[in-house]
**Q** 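Below is a structure I'd like to ask you about.
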Amino acid sequence: MEDIVQIKYALDTFYFLVCGALVMWMAAGFAMLEAGLVRAKNTTEILTKNVALYAIACTMYLLIGYHIMYSSPEGGIFPSFGVLIGAENTVEDVLAGGDDAPYYSVASDFFFQVVFVATAMSIVSGAVAERMKLFAFLVFAVIMTGFIYPIQGFWKWGGGFLNEAGFLDFAGSGVVHLTGATAALAGVLLLGARKGKYGANGQISAIPGANLPLATLGMFILWLGWFGFNGGSQLVVSNISDANAVAQIFLNTNAAAAGGLIAGLVVARILFGKADLTMALNGALAGLVAITAEPLTPGGLQATLIGAVGGVIVVFSVLALDKLKIDDPVGAISVHGVVGIWGLLAVCLTNGDASLKAQLLGIVVIFLWVFISSLIVWSIIKLVMGLRVSEEEEYEGVDISECGMEAYPEFTSSKK
């Protein structure tokens, strides 16, 4: 019996770590997607943001964020503050615990959680691209990953008051995606649009990305990583029930992405008369975000339809934000925020334990907390060091002004 318990513990820990590694690989997906959807002259800077934010997220979550999320009193509003992760489980802990025994390593739980924090911060990166100062962004990353994200994460996943109220968010349509998009929205509103994006008479000028093959690769990397994102959130795989659940989650995650892509492509064709690749890419990501709040209870066809609705929503959301002159170069606010809300509401369609009142409470609380706290932090950064590069630096490209190098020097450099 002891051998079986130890094998189950080892298997679940290993599964957790592999899923965490898949989610970590999503950092590469965000980097490639964003690098493909910005102009060539801004590529190095956005890659720098993506690698740096990942390192900052890992460090801040280790120092304080994990403790805030998982060492605070259940049902509470105010989290505890401390440093580092708790003591590791021992053989005696596992064998003596019975039904309440820990079933995976504390360190594996930390690793799985930290890559989610980095995902939320990656969402911010694309929305503020091409005109924000690099170190203003990185200062915000410190506060976002160390405090803003963990506090609302505690309210749900750490057993706080949203969890006690019955708010359901299986893998993070709200805790991760809505959070990242809301922080991005606050930054974009203070930052303003890129020069030339919107005209005085209401015209909207498209600013094409430099590398659509790279953006497409980024989308597929994210699609792959999402199996770890949703599948790992089951937490256990070492028994028949949980193994079947993981398989269903993988199936539904894939189906929702496919539904979102098809819907985004079809809607774009109807509206624009062309097959818009960027809308197809965002449609797939929207499908993934939509199913993340509840990837287990739907059937495959239901998951496809939930993803398809997300794919439709994201197209109209991108167009609506442009009409409001909210400039989001990669569509992150629409994909992760607007569709994140849809995903949280869609839980009520397939999960009998879901309550529309609780879902709405979670949406409102997460949005208000993240938006207000982010707006305050962005405003302080703006006062102290400024948010936006100069008009000349924006025209020349932030690669040179912020990083001193170009991603494609043979195409973008004026030097002989």
Side-chain angles (χ1 to χ4, degrees), residues 26 29-30 32-38 119 122-123 126-127 129 173 176-178 180-181 184 204 206-209 211-227 229-230 251-295 298 300-324 326-346 349:
M26 291 173 69
F30 279 112
M32 296 301 97
L33 179 73
E34 293 170 16
L37 293 178
V38 300
T119 297
S122 293
I123 294 166
S173 289
V176 179
H177 296 282
L178 178 58
I204 302 169
I207 302 179
N211 194 327
L212 290 182
L214 202 62
T216 304
L217 174 63
M219 183 276 292
F220 273 121
I221 292 173
L222 289 168
W223 193 327
L224 172 65
W226 231 287
F227 295 121
F229 201 97
N230 289 353
L251 186 158
N252 288 344
T253 300
N254 192 63
L261 192 151
I262 293 168
L265 188 65
V266 170
V267 171
R269 170 69 178 181
I270 293 170
L271 294 178
F272 314 135
K274 303 290 183 183
D276 188 316
L277 175 62
T278 62
M279 290 299 185
L281 300 182
N282 277 335
L285 299 178
L288 290 162
V289 171
I291 202 63
T292 293
E294 183 46 89
L301 182 57
Q302 289 175 312
T304 304
L305 293 174
I306 290 170
V309 172
V312 173
I313 290 172
V314 78
V315 176
F316 287 101
S317 177
V318 168
L319 297 176
L321 289 183
D322 264 343
K323 289 185 181 297
L324 295 172
I326 298 175
D327 184 16
D328 177 359
V330 303
I333 296 170
S334 297
V335 169
H336 302 277
V338 178
V339 179
I341 292 171
W342 156 243
L344 291 168
L345 296 176
L349 300 177

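Remember, predicted model here, so these are calculated numbers, not experimental data.
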**Q** So, do Phe30 and Ile221 sit near enough that their side-chain heavy atoms are less than 4.5 Å apart?
**A** no

**Q** Atom CD1 of Ile333 and atom CG of Leu178: how far apart are they, to the nearest 0.5 Å?
**A**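 CG of Leu178 is found 11.5 Å from CD1 of Ile333.
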
**Q** Given Val176 and Phe229, is the side-chain contact (heavy atoms from CB on, under 4.5 Å) satisfied, shown in steps?
**A** CA-CA 11 Å; Val176 179; Phe229 201 97; 3.9 Å; yes

**Q** Considering non-hydrogen atoms only, spot the tightest contact between Gly180 and Ile123 and give its length.
**A** C-CG2, 3.7 Å

**Q** How close do Leu265 and Ala275 get, counting heavy atoms only, and between which atoms?
**A**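 Looking at all heavy atoms of both residues, the closest pair is CD1-CB, 3.9 Å.
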
**Q** Where do Trp226 and His177 land on the ring-ring contact (aromatic ring centres under 6.0 Å, His included) test, with the steps shown first?
**A** CA-CA 12 Å; Trp226 231 287; His177 296 282; 5.1 Å; yes

**Q** To check you understand the geometry: which heavy-atom pair defines the closest contact between Ala303 and Ala255, and what is its length?
**A**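 Nearest heavy atoms, Ala303 then Ala255: CB-CB, 4.3 Å.
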
**Q** Would you say that Thr278 contacts Leu212 through its side chain, given a criterion of any heavy-atom pair below 4.5 Å between the two side chains?
**A** yes

**Q** Report the residues that fulfil side-chain hydrogen bond (donor to acceptor under 3.5 Å, both in side chains) with Ser317, sequence neighbours left out, ordered by chain and then residue number.
**A**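 By the side-chain hydrogen bond (donor to acceptor under 3.5 Å, both in side chains) rule, Ser317 matches Ser334.
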
**Q** Check whether any side-chain N or O of Trp342 sits under 3.5 Å from a backbone N or O of Val289 as a donor-acceptor pair, and report yes or no.
**A** no

**Q** Going from CD1 on Ile291 to CG on Asn254, what distance comes out if it is rounded to the nearest 0.5 angstrom?
**A**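 The distance works out to 11.5 Å.
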
**Q** Which heavy atom of Pro329 sits nearest to which heavy atom of Gly126, and what is that distance?
**A**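 Taking Pro329 first and Gly126 second, the nearest heavy atoms are CD-O, 3.5 Å.
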
**Q** Side-chain contact, heavy-atom cut-off 4.5 Å: Met219 with Leu261?
**A** yes

**Q** When rounded to the nearest 0.5 angstrom, what distance separates CE in Met32 from CG in Leu217?
**A**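 Atom-to-atom, Met32:CE and Leu217:CG are 7.5 Å apart.
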
**Q** If I take atom NE2 from residue His336 and atom CG from residue Leu288, how far apart are they, to the nearest 0.5 angstrom?
**A**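 That separation rounds to 9.5 Å.
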
**Q** Only one of Leu222, Thr216, Leu224 forms a side chain to side chain contact (heavy atoms under 4.5 Å, CB included) with Phe220, so which one is it?
**A** Thr216

**Q** Taking C-beta and beyond as the side chain, do Leu271 and Phe316 meet within less than 4.5 Å on heavy atoms?
**A** yes

**Q** Look up atom CG in Leu305 and atom CG in Leu349, then write down how far apart they are to the nearest 0.5 Å.
**A** 10.5 Å

**Q** Do Asn252 side-chain atoms and Pro298 backbone N/O form a donor-acceptor pair below 3.5 Å?
**A** yes

**Q** Checking Asp276 side chain against Ala268 main chain: does a donor-acceptor pair fall under 3.5 Å?
**A**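 The answer is no, because no donor-acceptor pair under 3.5 Å joins these two groups.
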
**Q** Which pair of non-hydrogen atoms, one from Ala346 and one from Ile306, has the smallest distance, and what is that distance?
**A** CB-CG2, 4.2 Å

**Q** If you measure from CG on Leu37 to CD1 on Ile207, what distance do you get to the nearest 0.5 Å?
**A**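 Separation between the atoms: 12.5 Å.
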
**Q** Among Val314, Val330, Leu33, Val339, find the residue that satisfies the side chain to side chain contact (heavy atoms under 4.5 Å, CB included) test when tested with Leu285.
**A**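 Among Val314, Val330, Leu33, Val339, the one meeting side chain to side chain contact (heavy atoms under 4.5 Å, CB included) with Leu285 is Leu33.
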
**Q** Applying side-chain contact (heavy atoms from CB on, under 4.5 Å) to Met279 and Val318, what does each step give before you reach the verdict?
**A** CA-CA 9 Å; Met279 290 299 185; Val318 168; 3.8 Å; yes

**Q** Between Ser173 and Ala290, what is the shortest heavy-atom contact and its length?
**A** OG-O, 4.3 Å

